Structures are given as C-alpha cells and as structure tokens.
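Shown next, in structure tokens, is the structure this report addresses.
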Protein chains: 2
Amino acid sequence: MLYKFTDETEISNAPISTSLLAKLQRDILTGKFKPGQKLTEQDLCREYEVSRTPLREALRQLEADGLVENILNRGSFVIGMSDQDYNDLFEMRKAYEVQAVEWAIDRITEEEMERLEEIFEFMEFYTMRNDIEKMQVINSSFHQAIYEASHNRILQKQLSVYQNYLKYKDPERVYEDNYLSTVLQEHRAIFKAFTDKNAREGALAMEIHINRAKERHCR
Amino acid sequence: MLYKFTDETEISNAPISTSLLAKLQRDILTGKFKPGQKLTEQDLCREYEVSRTPLREALRQLEADGLVENILNRGSFVIGMSDQDYNDLFEMRKAYEVQAVEWAIDRITEEEMERLEEIFEFMEFYTMRNDIEKMQVINSSFHQAIYEASHNRILQKQLSVYQNYLKYKDPERVYEDNYLSTVLQEHRAIFKAFTDKNAREGALAMEIHINRAKERHCR
DNA sequence: GATTGTATAATTGTATACGAAAATACAATT
DNA sequence: AATTGTATTTTCGTATACAATTATACAATC
C-alpha cells in the first residue's frame with residue numbers, strides 16, 4: 001500500500017540501495033558523519049526515508065569499501081578517511097594510474113584512441129572557457145578512458161573506486177590560480193605519450209600528474 | 001602456539017551474511033558457479049539454508065568486490081575470475097606487495113619485527129617438516145605481517161582482498177617438487193631485507209617472489 | 001509454423017514483524 | 001558516591017510478507 005505513495009517525480013532506474021550507497025559515501029567522505037560515529041539504522045532510515053533492508057545492503061557495501069565497520073549486535077560505525085589515509089590512497093592510486101597508462105599505451109585500440117583524443121579536445125576547450133564544473137567531469141572521463149584502454153577489468157574497477165574516494169576531497173581547491181591550465185598541461189603530457197606510443201613517457205607524465213594532484217589536495 | 005596461525009576465515013560468532021560471503025566467494029572462485037550464471041536468490045537460500053535478507057547482504061558485498069553483477073529486477077549474475085583476470089591481479093598484487101614491503105621495512109616496529117621473525121622461524125620449521133597445510137596458513141601470516149608493518153590501513157585491506165581472491169587458485173600446484181624449499185628461499189630473501197633494513201633489497205626480493213608465484217599459479 | 005497477446009507464475013525490491021542481544025535506566029546494596 | 005543487579009527500552013539480525021517487475025506458458029491470430 002505504501003508503494004503507491006512513493007515520490008514519482010524522481011524517476012530512478014536503480015535500486016534504492018545503490019543511490020543510497022552514493023549518498024552515504026558522500027556524507028561520510030564530506031565529514032557529515034565523523035569517524036567513530038555510530039550509524040543507527042533507524043535514524044538513517046528516517047533521515048534518508050528508506051526502509052532497513054536497502055539501508056543495510058548499502059551498509060554492507062560501505063563495509064566492503066572499508067568506509068564503515070560492523071560489530072556484531074552493536075551496529076555500524078564510521079571509519080572514514082583520515083589525512084594519513086588520503087596520503088596513503090594517493091600513493092596507491094599513483095602506482096595504479098602509472099600501471100594503467102603503461103598498459104593503455106600498449107593496448108589502446110584505434111576507437112579508444114579516438115575517444116581519448118575527443119576527450120582531450122574537450123578539455124582544451126573547457127580550459128579556455130574556464131568552465132571548472134565541466135572540467136571536473138571531463139577530467140574524470142579522461143582518466144576513465146585510460147583505465148578502459150588498459151584492458152584490465154580489475155584495475156579499472158579499483159581506480160574507479162579510488163576516484164570515488166577522492167572526489168569529495170577539498171573540491172574548492174580547484175579554484176586556485178592557474179589550476180585549469182596547469183592540469184591541462186599535465187594531461188597534455190600524458191596524451192602526448194599516447195600519440196607517441198611511448199609507455200615510459202606516459203608513466204612519467206602520469207607520475208608527475210598524480211604527485212601534483214596530491215600536493216594540490218593534501219598540501 | 002599454533003593458535004597464532006589459525007585460519008581466521010571461519011568465525012563462529014559472526015552474522016550469517018559474513019560466513020555466507022566467504023562460502024559464496026569460495027564457490028565462485030572454485031568454479032562451482034560459472035561466470036554468467038544466474039544466481040537465483042531462493043535457490044541459494046535453499047542451498048545455504050539461510051533467508052533472503054543475509055543472502056542479499058552477502059550478494060551486495062560480492063558486488064562491491066566485483067565477483068557478481070546485479071541487474072535491476074533481473075537478479076545477480078556471476079562475474080568470477082578469468083585467466084586474464086588472474087594475470088592482471090598478480091600484476092596488481094605485485095605492485096602493492098612491493099610497495100608494502102618498502103614501507104614496512106622503513107616503518108616496522110620492534111614488536112612487529114619480533115613477530116615477523118617468529119613467523120619466519122615457523123616457516124623454516126614447517127618447511128623441514130614438509131607440512132604443506134601449515135605452510136599455507138603461515139605463508140599468509142607472513143605476508144599479512146608485512147602488510148601490518150606497512151602501517152597503511154588501505155593497502156593492508158586491499159592486499160587482504162587479493163589474498164582472498166587468490167587462495168582458491170590452483171591450490172594443488174603447491175605439491176610440485178621443491179615447492180616448499182623454493183618458497184622458503186624467496187621468503188628468506190625478503191626477511192633478510194628486513195634485518196638489513198634495506199627497502200630496495202626488500203622490494204627486489206618481493207618482486208621476484210611474486211613473479212615466481214605468478215609463474216607457479218598461472219603458468 | 002511463427003508471432004503476438006494475455007494470463008499465470010516466478011523472482012526481485014522493499015517493508016515490516018519478531019526474537020535475541022545490547023544499551024539504558026534505575027533501584028538496591030555496599 | 002560507587003557498584004551491582006534487574007527491569008525496560010532500544011537496536012540488531014533474521015525471517016517473512018507484499019507490491020512491482022520480469023519470465024514463462026499457452027492460446028489466438030496470421
């Protein structure tokens with residue numbers, strides 16, 4: 001009976017647990033829920049207006065991601081990400097981004113190369129336009145395209161997870177001077193390695209890019 | 001003193017979804033469920049004698065691990081691990097094991113060093129005894145001790161996940177000639193790098209170890 | 001025979017019910 | 001005041017109920 005009163009303005013073709021997972025990730029990573037904090041199921045149900053079943057499914061996924069810890073009969077507790085964790089994560093991400101670009105340069109198909117080129121051209125365009133919002137999205141697409149070109153399913157998934165972890169980290173820092181053009185240069189160096197088909201060059205360019213990103217985000 | 005090296009995958013006092021997750025991981029990775037296969041909830045409920053709630057929670061965790069894919073209103077399908085996936089995973093694991101040993105050698109505490117030494121001595125003992133079963137467990141403990149000594153929470157978790165993925169991969173191959181003494185030599189080289197406090201040496205030894213392990217398992 | 005439409009069954013997504021464990025409140029005791 | 005014991009409430013883990021979607025069976029049509 002209650003089904004008939006669901007909010008039909010929000011057309012969602014995903015189960016509640018999926019969209020809920022994204023919201024909980026966001027609210028943990030943005031610090032709305034603090035590390036150590038107890039996540040009481042009923043409270044969350046009220047807050048997100050969902051029932052316990054999808055909520056618990058989302059909590060189990062957060063647990064698999066390591067953002068939440070579950071203690072038997074006592075509930076879920078926020079783990080979250082410490083500064084140390086972000087530092088560690090950047091180092092781990094660097095290792096994989098470098099591997100990804102090496103593999104990608106060796107394995108990229110013509111189609112994938114065209115797509116990467118297209119993305120890079122959009123990057124140049126939106127950098128000129130100084131459209132930071134669009135750049136956030138295209139930046140993600142650029143890296144994602146490299147992951148795909150690596151033709152390594154597991155690497156691709158893992159790096160996507162890392163992107164998710166990092167996307168809420170100090171997003172306002174992007175407004176600093178020369179942010180866009182600096183990042184564009186770094187991406188250009190990576191893209192050039194693809195046109196040169198030089199994996200070593202790509203690895204170096206990516207290492208520089210991630211190191212700079214780490215400095216930008218972690219100070 | 002063997003209680004220190006017991007296989008902790010079987011936790012008696014844990015929610016059903018946790019032990020069920022381990023069983024499902026095993027049954028997917030050992031090929032009982034084939035890639036592409038539909039996992040019907042009710043069938044699984046009957047087979048594992050659980051209700052749908054903990055089953056679905058386990059399925060959501062498998063989904064987060066990438067072993068299962070969920071399609072809205074159509075159910076869960078096995079992804080599993082292809083030969084290519086195992087190859088990729090070994091390369092990814094290598095990158096992280098090398099990082100882990102580098103960090104661990106720089107950061108290991110005296111206590112952790114004593115523990116590592118103890119584990120290594122048990123390794124020597126059970127290699128002499130040719131006790132393959134015990135060695136499997138201690139081998140895992142040795143690597144786990146290094147993960148802990150790296151003092152990187154995220155790395156530790158990720159490498160544990162990889163160990164889980166790999167532990168069902170061709171376990172019978174360990175019965176080949178000189179398996180135990182070969183592995184002991186590789187581990188000795190890694191352990192020596194710890195006593196030498198030489199991270200570079202440790203990285204090289206670990207790289208060799210993982211490469212050999214990959215050859216042994218993937219051929 | 002192939003195709004379409006429709007009724008039925010099966011399965012999923014979600015909500016709720018219920019027993020068990022843990023947290024809490026509070027009186028009794030020291 | 002601090003501590004212990006107990007009753008009550010809360011919360012969790014699990015089972016089950018129900019609505020919505022998808023799959024299946026099968027008759028009607030071409």
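Being a predicted model, the structure only gives us computed values, none of them experimental. So that the names make sense, note that chain A is the first sequence line, chain B the second, and so on, each numbered from 1.
To the nearest 0.5 Å, the span separating CD1 on A:Ile154 from CE on B:Met81 amounts to 4.0 Å.
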Using Watson-Crick or G-U wobble pairs with both distances under 3.5 Å, give me DNA chain C in dot-bracket, 5' to 3', with [ ] for crossers and | for pairs to another strand. ||||||||||||||||||||||||||||||

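In this structure, A:Lys23 is not positioned above the aromatic face of A:Tyr48 in the sense of NZ or CZ being under 6.0 Å from the six-membered ring centre and within 45° of the axis.
Of the residues in residues 58-70 of chain B, not one comes within less than 4.0 Å of DNA chain D through any heavy atom. Taken residue by residue, residues 34-54 of chain B places heavy atoms nearer than 4.0 Å to DNA chain C at B:Lys38, B:Leu39, B:Thr40, B:Glu41, B:Arg52.
Every residue meeting the salt bridge (Lys or Arg N to Asp or Glu O under 4.0 Å) condition with A:Asp43, not counting sequence neighbours, appears here in chain and number order: A:Arg46. Here A:Tyr96 pairs with B:Tyr96 under the ring-ring contact (aromatic ring centres under 6.0 Å, His included) rule; sequence neighbours left out. Residues meeting the ring-ring contact (aromatic ring centres under 6.0 Å, His included) test with A:His151, sequence neighbours left out: none. For A:Glu47, the salt bridge (Lys or Arg N to Asp or Glu O under 4.0 Å) partners two or more places apart in sequence, or in a different chain, are A:Lys32. Not a single side-chain hydrogen bond (donor to acceptor under 3.5 Å, both in side chains) links A:Asp131 to another residue, sequence neighbours left out. Taking B:Arg56 as the reference, A:Glu57, B:Glu41 meet the salt bridge (Lys or Arg N to Asp or Glu O under 4.0 Å) condition, with sequence neighbours excluded.
Here the P atom of nucleotide D:dT22 and the CZ atom of B:Phe77 are 12 Å apart, to the nearest Å. Following rounding to the nearest Å, A:Glu57 (CD) and C:dG13 (P) show an atom-to-atom distance of 8 Å. Summarising the geometry, the separation between CD1 on A:Ile16 and P on C:dT12 is reported as 17 Å, rounded to the nearest angstrom.
Here the shortest heavy-atom pairing between B:Val101 and B:Ile146 reads CA-CG2, 3.9 Å.
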Which donor-acceptor pairs under 3.5 Å do the side chains of residues 116-127 of chain A make with protein atoms, sequence neighbours left out?
residue  : atom : partner  : partner atom : Å
A:Glu124 : OE2  : A:Arg188 : NH2          : 3.0
A:Thr127 : OG1  : A:Met123 : O            : 2.6

Side-chain donor-acceptor pairs of residues 63-71 of chain A under 3.5 Å, sequence neighbours excluded:
residue : atom : partner : partner atom : Å
A:Glu63 : OE1  : A:Arg60 : NE           : 2.9
A:Asp65 : OD2  : A:Gln25 : NE2          : 3.2
A:Asn70 : ND2  : A:Ser76 : OG           : 3.0

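The pair B:Arg153-A:Asp88 fails the salt-bridge criterion, with no side-chain N (NZ, NE, NH1 or NH2) lying under 4.0 Å from an Asp/Glu carboxylate O.
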Please list each protein N or O that sits under 3.5 Å from an N or O in nucleotides 23-25 of chain D, with the distance.
residue : atom : partner : partner atom : Å
D:dA23  : OP1  : B:Arg74 : NE           : 2.7
D:dA23  : OP1  : B:Arg74 : NH2          : 3.3

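At the phosphate of D:dG13, OP1 or OP2 sits under 4.0 Å from a side-chain N or O atom of A:Arg56.
B:His187 and B:His143 have perpendicular rings, their planes meeting at more than 60° on a 0 to 90° scale where under 30° would count as parallel.
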